[in-house]
Amino acid sequence: MPLAISLPTSSPPLHLFPRRRVHPSPRHHRISVARSSAQENAPGVIIVGAGLAGLAAATRLASERIPFLLLEASDGVGGRVRTDIVDGFFLDRGFQIFITAYPEAEKLLDYEALDLQRFYAGAKVFYGGEFHTVADPLRHLWDSVASLTNPIGSVVDKGLIALTRARVLIKSDEEILTSAEEAPTIDLLRRIGFSDEILDRFFRPFFGGIFFDRDLETTSKLFDFIFRCLALGENTLPAMGIGEIPNQLAAKLPADSVVMNTRVDSIEYPNGSDSGPPIVRLQDGGVLNAELGVIIAVEQPQVDKLLNGIREPVSTKPARSTVCIYFTAEPNQIPVQDPVLFLNGSNTGIINNMFFPTNVARTYAPPGKALVSVSLIGSFEDRSDDDLAAEVIRELSGWFGESLVMSWKHLRTYRIQFAQPNQCPPTDLVKNPRVGSGLYLCGDYMTSATFDGALVSGRRAVEALLREKGLV
């Protein structure tokens, strides 16, 4: 007899913080907008890129009281982890969920200040023309009992989920990420014994939405790490948008240590030598020097461009891409009020998952308005934004009914070509950050393709620099 599928858990829900009922205004931090190419005093370290990895590196340097300069090409910190405010709506750049059990994040972030708002501990799977609940029985017991007869998994599947949870919880994060044993996630799940039904109806849309990989070719090491974090924590969003995570890190850094709108053209060793810290050549022709070293914290595809002449280009797998489409709606046009994630378990259509951000955090929309977020996996380069939005509306009309969905208005489409590095086996999730004398790399491609991986990589790059310079 089919049973409800339980998501992994090991402890009662964390106490998160009350929802804000007011619509916040964006915060402003003391960050320089531009910088002269002339350099009066060389900082100890120059960091290129103010995404999570670069901000984590800056945080580690600040803790050691080592002066640094953090250069960012765009107009804000966060890299891929940013939130735009459009007509009063908070739009995260792509589908992003923050898991509270990320170990590095727990050390660096003030969760209370982020005002984390949690998702329902489970999901609703669209299959066979209707929705079926996937519930965590330790957090939503009666929902789990009520869904005992749904078609999203058998008795055996439920037992295998419990065994998988136990398997990952007896290992440390380091043991998981450094394991010599790995396989594509789909191969691991089949080897464990999960049925095709639960693979297609739950695992592909759920973990496919996390990895931007519905084929589940991503390394089993990353699956185990995420599964462990889900068992120990909760899925959440900061009340003021996912961009509040990098904003919080940046706000703690020394004044004027972060410089926006400053694009680096190349990293070079003077006279081609590898005997000391390299120089940083800016796009405007300026040259910056660092006393101790340079940390490159940009996206993986940009690294080879910056290091042209220092090392040969590194062969990489095609990046994971996604499209995120936002719609606005009136509150009475939203079919549910629960903060739940909806999964496409039908194996048809272009939608992978969707949710209503204003059900999770009311602050994501102006008063009296609601927000809809829909995620697709892939780049869809041959389709226009209007074409994709129209197809999504048609598809969701089959989920929720035309009378509700046809009134939604398309607000914005985000096409994220480099949403995540491709981490199919074989992988090395503990890469050496050192490139040469005084030159280091960080980013989630160096570790795990997660928020936590980016934060860890920034710290490790600084620790490698400190060791090389004899400062630890």
Closest heavy-atom pair and its distance - P277, P270: O-CD, 4.3 Å

Salt bridge (charged side-chain N to carboxylate O under 4.0 Å, His left out) partners of R415, counting only residues at least two apart: D385

Could you tell me which residues satisfy ring-ring contact (aromatic ring centres under 6.0 Å, His included) with F223, sequence neighbours excluded, listed by chain and number? F207, F227

Who pairs with K409 by salt bridge (charged side-chain N to carboxylate O under 4.0 Å, His left out), at least two apart in sequence or on another chain? none

From CA spacing to verdict: side chain to side chain contact (heavy atoms under 4.5 Å, CB included), T363, T358: CA-CA 7 Å; T363 46; T358 38; over 6 Å; no

Distance-only side-chain donor-acceptor flag, N422 / Q420, under 3.5 Å: no

Of all the heavy-atom pairs spanning A101 and C229, show the shortest one and how long it is. CB-O, 3.4 Å

Salt bridge (Lys or Arg N to Asp or Glu O under 4.0 Å): pairs with one or both residues in residues 259-273, sequence neighbours excluded: E268-R281

Which residue pairs satisfy the salt bridge (Lys or Arg N to Asp or Glu O under 4.0 Å) criterion with at least one member in residues 93-105, sequence neighbours excluded? D84-R93, E104-K107, E104-R459

Under a plain distance cut-off of 3.5 Å, with no hydrogens placed, do Q423 and T218 share a side-chain donor-acceptor pair? no

Verify whether the ring centers belonging to Y111 and F98 lie closer than 6.0 Å. yes

Check R80 with D92, please: is the shortest side-chain N to carboxylate O separation under 4.0 Å? no

Please enumerate all residues that pass side chain to side chain contact (heavy atoms under 4.5 Å, CB included) together with D338, with sequence neighbours excluded. V340

How close do S448 and L222 get, counting heavy atoms only, and between which atoms? CB-CD1, 3.7 Å

Pairs touching residues 206-217 that satisfy salt bridge (Lys or Arg N to Asp or Glu O under 4.0 Å), sequence neighbours left out: D213-R320

Mind checking what makes ring-ring contact (aromatic ring centres under 6.0 Å, His included) contact with F327, not counting sequence neighbours? H410

Can you pull out every salt bridge (Lys or Arg N to Asp or Glu O under 4.0 Å) where at least one residue sits in residues 44-60? Sequence neighbours excluded, please. R60-E64, R60-E463

Using side chain to side chain contact (heavy atoms under 4.5 Å, CB included) as the criterion, point out the one residue from L71, V77, L70 that pairs with M260. V77

Closest non-hydrogen atom pair, P103 against D173: CG-OD2, 3.3 Å

Other residues, nucleotides, ligands: >12 heavy atoms within 6.0 Å of K305 NZ: no

Please enumerate all residues that pass side chain to side chain contact (heavy atoms under 4.5 Å, CB included) together with Q300, with sequence neighbours excluded. T316, F418, P421, Y445

Could you point out which residue of I279, T262, L282 forms a side chain to side chain contact (heavy atoms under 4.5 Å, CB included) with L288? L282

Please evaluate residues T178 and L429 with respect to the criterion side chain to side chain contact (heavy atoms under 4.5 Å, CB included), reporting the C-alpha separation (whole Å), side-chain torsions for both, the decisive distance (0.1 Å), and the verdict. CA-CA 7 Å; T178 61; L429 303 186; over 6 Å; no

For R82, which residues count as a salt bridge (charged side-chain N to carboxylate O under 4.0 Å, His left out) partner, sequence neighbours excluded? D75

For L306, give me all partners under side chain to side chain contact (heavy atoms under 4.5 Å, CB included), at least two apart in sequence or on another chain. V48, V264, I267, I296, V298

Run the side chain to side chain contact (heavy atoms under 4.5 Å, CB included) check on L455 and L108 step by step: do they pass? CA-CA 9 Å; L455 297 173; L108 292 179; 4.1 Å; yes

Does a donor on one side chain and an acceptor on the other come within less than 3.5 Å for T100 and E234? no

Please step through side chain to side chain contact (heavy atoms under 4.5 Å, CB included) for the pair I245 and L52, ending with a clear verdict. CA-CA 8 Å; I245 293 173; L52 290 184; 4.1 Å; yes

